[in-house]
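Structure record follows, encoded as structure tokens.
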Amino acid sequence: MLEGKKIVLGITGGIAAYKSAELTRTFVKQGANVSIIMTRNATEFITPLTLKTLSGNPVYADTFSLSGDWDVGHISLAEAAHIFVIAPATANIIGKIASGIADDLLSTTVMATKAPVLICPAMNTNMYNNSLVQDNIRKLSDVGYYFVEPEHGELACKAEGQGRLPSSEGILEEVITILTPKDLKGQNILITAGPTREPFDPVRFISNYSSGKMGYAFAITAKRRGASVTLVSGPTSLPVPHGVNFVGVSSALEMRDAVMDHVADSTVIIKVAAVADYRPALMSDSKIKKEPGTLSITLEQNPDIISEVGKIKGDRVLVGFAMETEDLLKNAYNKLLAKNMDLIVGNDLSRPGSGFQYDTNSVRVIDRSGDVRKFPLMSKINIADRVLDRVKKLCDQRGLPGSMGDVDRH
Ligand code: CTP
């Protein structure tokens with residue numbers, strides 16, 4: 001995700017400085033070119049050699065060890081950076097930047113950059129909550145500096161509280177979000193994901209193998225592109241994506257209610273969830289005991305959520321999925337017409353690397369005119385991005401977001 005991006009990573013002198021090694025690796029693995037500036041105190045916690053080895057670039061450790069051309073060096077670093085990340089950021093560096101102090105290489109270079117700056121504070125809870133530190137954070141946020149809030153947990157000083165450096169994945173996600181153009185800003189995108197569970201006694205249910213990965217990839221990608229995202233999700237083992245409005249549900253009936261609650265406010269609805277078509281007609285209050293012979297469970301039909309949305313959607317863009325094992329194109333196109341969708345993403349379950357549990361998928365995207373686009377096997381994040389390109393075009397054609405009008409739920 002970060003190919004061709006130049007990240008300048010500033011490391012300051014806190015115990016979390018050791019985590020900057022993993023952060024460097026995370027950025028490099030994503031294809032970024034990482035240049036590191038360490039304050040002198042940071043070199044007490046982790047060696048420049050470690051970071052030089054991991055980044056594959058020279059590390060600027062302090063002003064005195066630099067060659068005569070450092071002035072040019074730090075300005076060119078400041079100019080070349082697509083983004084500046086300071087992790088961990090001490091109260092000291094936050095205070096310096098907020099006060100316009102530039103007395104070492106890191107603070108000087110930050111002062112000289114026009115790139116976005118992401119500051120990741122990590123410190124003792126009392127320090128973090130100190131009103132001077134909070135005032136500095138507010139002041140910097142107000143003028144466009146980005147912050148990742150520290151996490152709660154046990155701190156190096158053994159106290160419990162807010163102050164831990166977030167995970168490398170969390171910081172990476174912020175970096176990608178900051179660097180992604182916000183072409184979906186203004187769109188309210190409602191996404192469903194995961195399986196539903198249809199219980200027949202307090203400990204058992206009928207469900208399917210959906211992992212939620214495809215729907216969550218849509219939520220993450222739409223959020224990165226600036227959309228306001230509501231994710232209605234059945235039970236999955238995935239972490240809740242940061243920055244989305246998350247609505248957890250279990251059964252198809254709960255999913256239907258959650259979707260209907262949000263349709264009016266949405267400009268785009270993407271229904272990725274693998275909704276169970278049937279639910280047990282009866283739910284036993286107590287655990288069903290084993291008896292000799294067979295057990296029959298009568299199933300009744302669940303509402304078809306996307307069909308209900310299709311009837312009331314107005315100009316909203318409606319995208320559905322079709323999971324097929326045969327006649328993909330014909331079945332998918334028929335579903336698109338029957339359920340009044342604008343686009344349908346056909347999932348070819350017969351291809352290796354495609355389907356529920358994989359991080360990749362091989363899909364066809366069909367529009368109302370019957371035009372079919374074939375996407376080769378690619379990551380679910382890339383598929384979401386490409387489908388959102390099509391969604392964006394439809395939004396532009398319809399002048400969305402515009403006045404969508406209310407919907408009649410009944
Ligand atoms: N869908 C839905 N509500 C349901 C069943 C499906 O909203 N009760 C949505 C899915 O989220 C998906 C689309 O309908 O976007 C197609 O789902 P799929 O299971 O492939 O289609 P079905 O109409 O259930 O057809 P079948 O299972 O017979 O292939």
Side-chain angles (χ1 to χ4, degrees), residues 189-199 205-219 222 229-236 247-263 266 268-281 299-313 316-351 354-356 361-368 372 380 383-384 387-388 390-391 394 407 409:
I189 305 192
L190 171 60
I191 296 163
T192 67
T196 63
R197 286 182 182 171
E198 311 301 328
F205 52 82
I206 294 172
S207 190
N208 56 61
Y209 288 114
S210 170
S211 64
K213 286 179 181 172
M214 191 66 245
Y216 280 55
F218 269 98
V229 175
T230 297
L231 174 62
V232 174
S233 174
T236 76
V247 184
V249 296
S250 184
S251 67
L253 291 177
E254 286 171 20
M255 184 171 277
R256 174 190 180 271
D257 287 348
V259 167
M260 290 304 169
D261 282 348
H262 289 92
V263 170
S266 306
V268 176
I269 299 134
I270 306 178
K271 289 234 58 243
V272 194
V275 184
D277 286 329
Y278 296 90
R279 65 175 180 275
L299 301 177
E300 63 188 13
Q301 261 196 37
N302 270 325
D304 193 304
I305 305 171
I306 200 165
S307 295
E308 291 189 13
V309 174
K311 287 187 188 121
I312 57 171
K313 77 184 191 69
R316 292 169 185 82
V317 175
L318 180 59
V319 182
F321 267 68
M323 280 264 172
E324 306 291 343
T325 49
E326 55 204 10
D327 276 341
L328 174 69
L329 295 181
K330 189 166 139 254
N331 286 334
Y333 189 57
N334 286 343
K335 276 181 196 173
L336 173 145
L337 295 178
K339 302 188 185 196
N340 196 24
M341 304 176 197
D342 295 291
L343 290 175
I344 190 158
V345 183
N347 219 331
D348 189 348
L349 292 182
S350 62
R351 284 179 62 106
S354 285
F356 281 148
N361 227 353
S362 158
V363 300
R364 311 278 183 277
V365 179
I366 311 170
D367 69 12
R368 287 190 73 84
V372 180
K380 289 185 172 175
I383 290 176
V387 174
L388 285 171
R390 300 286 298 275
V391 167
L394 289 170
V407 293
R409 291 181 50 165

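Order of appearance sets the numbers: ligands from 1, and atoms from 1 within every ligand. Remember, it's a predicted structure, so these values are computed and weren't measured experimentally.
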Do S211 and Y216 get their side chains close enough for a donor-acceptor pair, meaning under 3.5 Å?
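Side-chain D/A pair, S211 to Y216: absent.
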
Going by distance alone, is a donor N or O of one side chain under 3.5 Å from an acceptor N or O of the other, for R368 and N340?
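R368 vs N340: donor-acceptor pair found between side chains.
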
Residue contacts for ligand 1, heavy atom to ligand atom, distance under 4.0 Å
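Ligand 1 is contacted, at a heavy-atom distance under 4.0 Å, by K271, A273, V275, D277, P303, D304, I305, I306, G320, F321, A322, M323, K335, K339.
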
Decide yes or no for I189 and V268: does some side-chain heavy atom of the first lie under 4.5 Å from some side-chain heavy atom of the second?
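I189 vs V268: side chains touch.
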
Quick test of your reading of the model: are R390 and D342 salt-bridged, counting only N-O distances below 4.0 Å?
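Looking at R390 and D342, the cut-off is not met.
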
Under the side chain to side chain donor-acceptor pair (under 3.5 Å) definition, can you give me all pairs with a residue in residues 317-333, not counting sequence neighbours?
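Found E324-N331, E324-K335.
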
Can you check whether A273's main-chain N or O pairs, donor with acceptor, with T192's side chain at less than 3.5 Å?
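The answer is yes, because a donor-acceptor pair under 3.5 Å joins these two groups.
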
